[in-house]
Amino acid sequence: MSPRPLMFFGTTNLDLCFNVERLPTPGESLMGSLKQNAGGKGANQAVAAARLGVRPSFYTRIGDDDAGRSLLQALREAGVRVEAIEVCPGEISGSALVLVGDDGSNMIVIDPGANANVTPSMVEKAAEFIERDAIVVAEMGMPVPALNHLFALKSIKGFDLIFNPAPVRAGLSSAAWRNVDFVTPNQTEAFELTGVQVHDFDSAAHAAGKLLDLGPRAALITLGAQGAYYADASATFALRAFPVKVVDTTAAGDAFNGAFAASLAHRLSIREAIKKALAVAALCVTRRGAQSSMPSSWAVDEFLKSQSILELE
């Protein structure tokens, strides 16, 4: 059986990545090494999915500049379908300054550039690329009015919706929340949305209940090195993360979300999709960079053959 169609909506940035011994304190100068990488939450998620053997479509806005051309080429080379992407004369592409310590921790500052100018009418036009029975993934880097419009199209286009609420912003309508099938925050985002400090699976269960009260059909909270917690109206479970040596956590959440979406597109069960997403995230943090750290389907399968995972009901 062929995979379900998959389309991502989100941001694309040129990442300026400084690798440093440790993250600086305010007022401190440090020496580091600089590399430029293709990034942006939506783009990272789309690339993570493409590496797992699907051909996702992607909507984003980039400038008609050297950075934009480089970012577009990186997406093409990764196997992402770019027909829906807007190249915008007179605008600059998004960029991010990323500091990564030797322990894998990071600090990120973003200039959204063309990403900040997505309008509902642009989303309406891009929605022409959403195919029948598709899975749509959206992250919160896009302007909230554009997200509200995209979510309202669910009943018209008939897609399943995965919403990664990062970075958390105010203004998403109650109607939009009710159109979400899976909401996928990390611990910090879950706290921002619910007021519940998430530090273990018990507190994740509490936060998940409050997330479901917002209207989504299911909540999937990632807890970094601990794993992930899932809840819907009829089932709850937690899966432990795979232990690995962390090099760079920059795109771990994007790896998880892209892999979860791709696994659902491949018609895996929710439990198996989460397990595979945890494996992809684990491999991602063992490598530096964002899109460059996304593993291939072969690498994930080989990793899973040698790993076991603990399920907590």
Side-chain angles (χ1 to χ4, degrees), residues 5-15 38-49 56-65 67-76 80-96 108-131 134-157 159-173 175-177 179-180 183-185 189 251 253-254 257-258 261 290-291:
L6 181 58
M7 185 167 183
F8 292 81
F9 285 75
T11 56
T12 306
N13 296 322
L14 179 66
D15 289 350
K41 291 196 71 64
N44 295 343
Q45 292 171 10
V47 169
S57 294
F58 180 38
Y59 171 74
T60 191
R61 297 181 86 249
I62 55 177
D64 186 17
D65 51 16
R69 286 184 281 275
S70 174
L71 294 167
L72 190 63
Q73 183 61 24
L75 289 165
R76 285 197 184 101
V80 177
R81 296 169 62 183
V82 301
E83 294 86 354
I85 293 177
E86 290 188 73
V87 179
C88 311
E91 298 185 46
I92 61 169
S93 297
S95 59
I108 303 174
V109 180
I110 297 172
D111 177 356
N115 294 301
N117 300 323
V118 180
T119 65
S121 62
M122 293 172 186
V123 167
E124 180 80 29
K125 182 179 178 181
E128 297 174 7
F129 292 89
I130 300 175
E131 299 178 53
I135 297 170
V136 169
V137 185
E139 45 98 349
M140 219 168 189
M142 291 203 313
V144 172
L147 288 173
N148 280 325
H149 189 74
L150 173 62
F151 291 12
L153 294 173
K154 180 185 175 181
S155 60
I156 300 170
K157 303 290 291 189
F159 53 80
D160 287 340
L161 177 60
I162 300 171
F163 176 42
N164 180 220
V168 172
R169 304 184 187 192
L172 197 70
S173 71
W177 275 112
N179 281 326
V180 174
V183 59
T184 62
E189 293 145 7
D254 300 334
N257 278 276
Q291 292 172 27

To check you understand the geometry: which heavy-atom pair defines the closest contact between L150 and F159, and what is its length? O-CZ, 3.6 Å

I want to check something: taking the side chain as every heavy atom from C-beta on, are I110 and S95 in contact at a cut-off of under 4.5 Å? no

Search all heavy atoms of N148 against all heavy atoms of S173 and return the closest pair with its distance. OD1-N, 3.0 Å

Partners passing salt bridge (charged side-chain N to carboxylate O under 4.0 Å, His left out) against E124 (at least two apart in sequence or in another chain): none

Identify the two heavy atoms, one from M122 and one from V118, that lie closest to each other, and give their separation to 0.1 Å. SD-CA, 3.8 Å

Pairs satisfying salt bridge (charged side-chain N to carboxylate O under 4.0 Å, His left out), at least one member in residues 87-96, at least two apart: R61-E91

Would you compute the distance between atom CD of E128 and atom OH of Y59 and round it to the nearest 0.5 angstrom? 12.0 Å

Nearest 0.5 angstrom please: L14 CG to D111 CG, how far? 11.0 Å

Residues two or more places apart in sequence or in another chain: which of them pass salt bridge (charged side-chain N to carboxylate O under 4.0 Å, His left out) with R76? none

With D65, which residues qualify under salt bridge (charged side-chain N to carboxylate O under 4.0 Å, His left out), at least two apart? none

For A49 and P56 the tightest heavy-atom approach is CB-CG, 4.3 Å

Residues pairing under salt bridge (charged side-chain N to carboxylate O under 4.0 Å, His left out) where one sits in residues 144-155, two or more places apart or in two chains, turn out to be K154-D181

Does a side-chain heavy-atom distance below 4.5 Å link F9 with I130? yes

Mind checking the NE2-OG spacing from H149 to S121? Nearest 0.5 Å is all I need. 8.0 Å

Rounded at 0.5 Å granularity, tell me how far OG in S93 sits from CG in L71. 5.5 Å

Side chains of N164 and E189: does their closest heavy-atom pair fall under 4.5 Å? yes

Any idea which heavy atoms bring A251 and N44 closest together, and the distance? CB-ND2, 4.1 Å

Checking side-chain contact (heavy atoms from CB on, under 4.5 Å) for the pair V137/Q45: CA distance, chi angles, key distance, verdict? CA-CA 9 Å; V137 185; Q45 292 171 10; 3.6 Å; yes

Between T11 and E139: side-chain donor-acceptor atoms closer than 3.5 Å: yes

Within the side chain of N115, is there an N or O that forms a donor-acceptor pair under 3.5 Å with the backbone of P112? yes

Under the 3.5 angstrom rule, does the side chain of R169 hit a backbone N or O of M140 as a donor-acceptor pair? yes

Ring centre gap for F163 and W177 strictly below 6.0 Å: yes

Partner residues of A43 under the side chain to side chain contact (heavy atoms under 4.5 Å, CB included) criterion, sequence neighbours left out: T12, F58, L75, Q291

Short side-chain to backbone donor-acceptor contact, K157 and A127, under 3.5 Å: yes

I'd like to know if the side chain of E86 reaches the main chain of C88, judged simply by a donor and an acceptor atom lying under 3.5 Å from each other, with no hydrogens or angles considered. no

Correct closest heavy-atom pair for A84 and F129 would be CB-CD1, 3.5 Å

The single option from T119, L147, T60 passing side-chain contact (heavy atoms from CB on, under 4.5 Å) against M142: L147

Side chain of N179, backbone of F151: donor and acceptor closer than 3.5 Å? yes

Quick one: are D160 and V136 in side-chain contact, heavy atoms under 4.5 Å? no

